[in-house]
Amino acid sequence: MIRTDRIVIVGAGIGALYAALELAPRPVLMISPEALGDGASSAWAQGGVAAAMADSDSPEAHAADTVRAGAGTVDATVAAMVARVARAHILDLTALGAPFDRDAAGAYVMSREAAHSAPRVVRVAGDQAGRQIMRTLIAALSETPSAQVIEGALATRLQTEGDRVTGVWVTSAAAPSGEVLIEAPAVLLAGGGSGGLYAQTTNPPRIRGQVIGMAARAGALMADPEFVQFHPTSFDIGEDPAPLATEALRGEGAVLINRHGARFMTGVHPDAELAPRDIVARAIFAETQSGNRPVLDTRAALGADVLTRFPAVAETCARAGIDPVTQTIPVAVAAHYHMGGIAADAHGRSSLAALWVCGEAASTGLHGANRLASNGLLEALVFARAAARDIERVGAVPAPAAEPVALSFPEGGLAADHEALADLRRTMTAHVGVRRNAGGLKAALRVIARLEAAHADDPSFCNMTATATLIAAAALQRTESRGGHWRDDYPNPDPRLAHRTMIRLSEALCLRETALNETADAPS
Ligand code: SIN
């Protein structure tokens with residue numbers, strides 16, 4: 001066991017880095033499974049940060065779009081607050097050196113993405129926003145002596161005394177090892193979402209709901225776990241994870257067509273390719289299921305400009321042997337963002353004392369049932385700052401420098417069971433994905449329970465199954481369709497259910513148990 005006066009930050013994406021900088025000079029310890037800058041979903045974000053920077057735009061319009069996209073369950077107060085402070089965060093990132101695209105007059109160049117009523121996404125070099133903002137924050141952190149970063153360590157469990165979090169158990173991310181307990185005065189979870197629980201995902205390989213599951217297993221309240229966002233246009237080129245073809249391409253006029261050459265979105269929604277993301281995702285899914293092989297066509301809209309204006313997309317095309325100037329890009333739906341997560345209030349506080357949360361691991365009420373494009377990085381920035389300020393306000397940490405933490409792992413631990421993980425991911429995609437129904441969700445809960453029982457001594461795997469259980473059980477409980485949650489057996493929204501889900505893991509486990517018993521009772 002190690003005891004430190006440092007605030008422990010679990011994660012290494014934009015929320016984690018921004019919070020560490022905000023907390024300076026208070027000493028922090030960041031726990032990062034990979035080398036800093038690698039492995040975080042933030043670094044893979046292509047779109048940018050949504051913010052009403054143009055004179056013709058307003059925070060009110062941004063908040064209204066957020067509420068509309070969220071399909072009836074966005075917390076309007078949170079949306080108004082986030083939209084209002086967005087501009088200040090862009091200016092602060094700019095002051096730190098983030099190289100946002102600017103025009104000749106110095107104004108921010110903004111992309112248009114789905115369900116935004118105006119071009120509102122502040123970007124970097126077309127599709128490089130996440131990577132470049134991360135670079136800027138990492139450079140600033142390297143000049144911040146109060147921040148210690150431990151790379152190659154994975155958080156596995158929270159230590160609690162009653163309802164208070166007193167520390168974090170960590171293990172080696174590189175090889176099986178035993179765990180070490182780091183006792184700390186405050187813990188901020190900023191370790192990403194759950195996309196990698198699905199077989200088809202745009203998330204980095206390590207992002208598999210572990211942080212959400214860890215908090216759930218410690219008894220924290222969870223919010224909206226059933227709401228998972230599926231991105232309509234990941235590259236369908238057989239790669240795992242699936243590379244993203246940013247929505248900004250459609251904002252520039254790229255269209256979706258099927259193998260018959262039909263532009264199918266025009267018959268689905270008045271906004272066609274720029275309809276809310278859940279609607280485009282379901283249409284793509286339907287085309288794929290029907291064997292119609294949907295593709296993204298950037299040729300007329302962008303021509304050769306796609307190569308210079310969207311370097312990440314161009315790089316993926318080159319790797320896959322696609323020339324986007326003359327050819328179309330095969331696309332498929334992939335798990336992209338978890339709107340649900342650890343319930344967090346306006347200060348980033350969880351339901352457990354001394355535990356804060358920000359970024360995709362948190363569920364703040366901003367996204368509702370369907371996140372508005374590029375509100376993800378914005379939410380991470382806003383709640384990272386809010387949490388940092390709250391940690392200071394609560395006075396959990398003494399200001400003076402703390403000793404650096406030296407970590408060495410004891411022998412022990414288990415090698416990951418790749419087949420079990422693959423089984424879990426296949427099950428989530430097959431039964432808890434874009435289209436759901438009661439039979440499939442119960443089947444998924446059975447598989448999750450079986451896999452969990454077989455790996456009860458692997459805390460990291462049990463964090464994943466805890467999150468998978470929460471998603472499937474809450475999806476089973478929500479007998480309607482809303483935003484990213486679609487039920488074939490309940491295809492309409494139910495006005496009585498136009499509210500957020502608040503659930504603890506213990507309740508999700510009861511729902512799982514009921515599903516198992518129902519099956520056991522069923523006549524063979
Ligand atoms: C995209 O660039 O299409 C993704 C942006 C986001 O998920 O916010």
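Counting starts at 1 for both ligands and their atoms, following the listed order.
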Within a distance under 4.0 Å of any heavy atom of [X], pick out the atoms of ligand 1 and give their elements.
X	value
Arg371	6 (C), 7 (O), 8 (O)
Gly47	2 (O)
His231	1 (C), 3 (O), 4 (C)
His336	4 (C), 6 (C), 7 (O)
Glu247	1 (C), 2 (O), 3 (O)

* So, do Thr233 and Leu256 sit near enough that their side-chain heavy atoms are less than 4.5 Å apart? ->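 Heavy-atom side-chain distance check passes, below 4.5 Å.
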* For ligand 1, which part of Arg277 has a heavy atom less than 4.0 Å away: the side chain, the backbone, both, or neither? ->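 Side chain only.
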* Asked: Do Tyr198 and Phe230 have their ring centres less than 6.0 Å from each other?
  ->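 When the ring centroids of Tyr198 and Phe230 are compared, they turn out to be within the sub-6.0 Å range.
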* To do: Mind telling me whether Tyr18 and His89 have parallel, tilted or perpendicular rings, with 30° and 60° as the class edges?
  =>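 The rings of His89 and Tyr18 sit tilted, inter-plane angle from 30° to 60°.
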* Regarding Gln210 and Asn463, is there a side-chain donor-to-acceptor distance under 3.5 Å anywhere? ->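 No donor-acceptor contact under 3.5 Å links the two side chains.
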* Report yes if Asn375 has an N/O atom closer than 3.5 Å to an N/O atom of ligand 1; otherwise report no. =>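 The answer is no, given that Asn375 and ligand 1 share no N or O pair closer than 3.5 Å.
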* Asked: Does any N/O atom on Gln46 come nearer than 3.5 Å to any N/O atom on ligand 1?
  ->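 No: no nitrogen or oxygen of Gln46 is under 3.5 Å from one in ligand 1.
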* Looking at Pro241 and Pro205, what are the two nearest heavy atoms and their distance? ->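 Looks like CG-CD, 3.9 Å.
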* Could you tell me whether Arg123 sits above the aromatic face of Phe100, with NZ or CZ closer than 6.0 angstrom to the six-membered ring centre and within 45 degrees of the axis? =>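 No, Arg123 does not sit over the ring of Phe100.
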* Asked: Any non-hydrogen atom of Ser374 lying under 4.0 Å from ligand 1?
  ->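 Per 4.0 Å heavy-atom rule, Ser374 contacts ligand 1.
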* ligand 1 contact by Ala373, heavy-atom criterion under 4.0 angstrom ->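 Ala373: in contact with ligand 1 (<4.0 Å).
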* Asked: Tell me, which protein residue and heavy-atom name are nearest atom 2 (O) of ligand 1, and how many Å apart are they?
  ->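 The closest one turns out to be Thr246 OG1, 2.6 Å.
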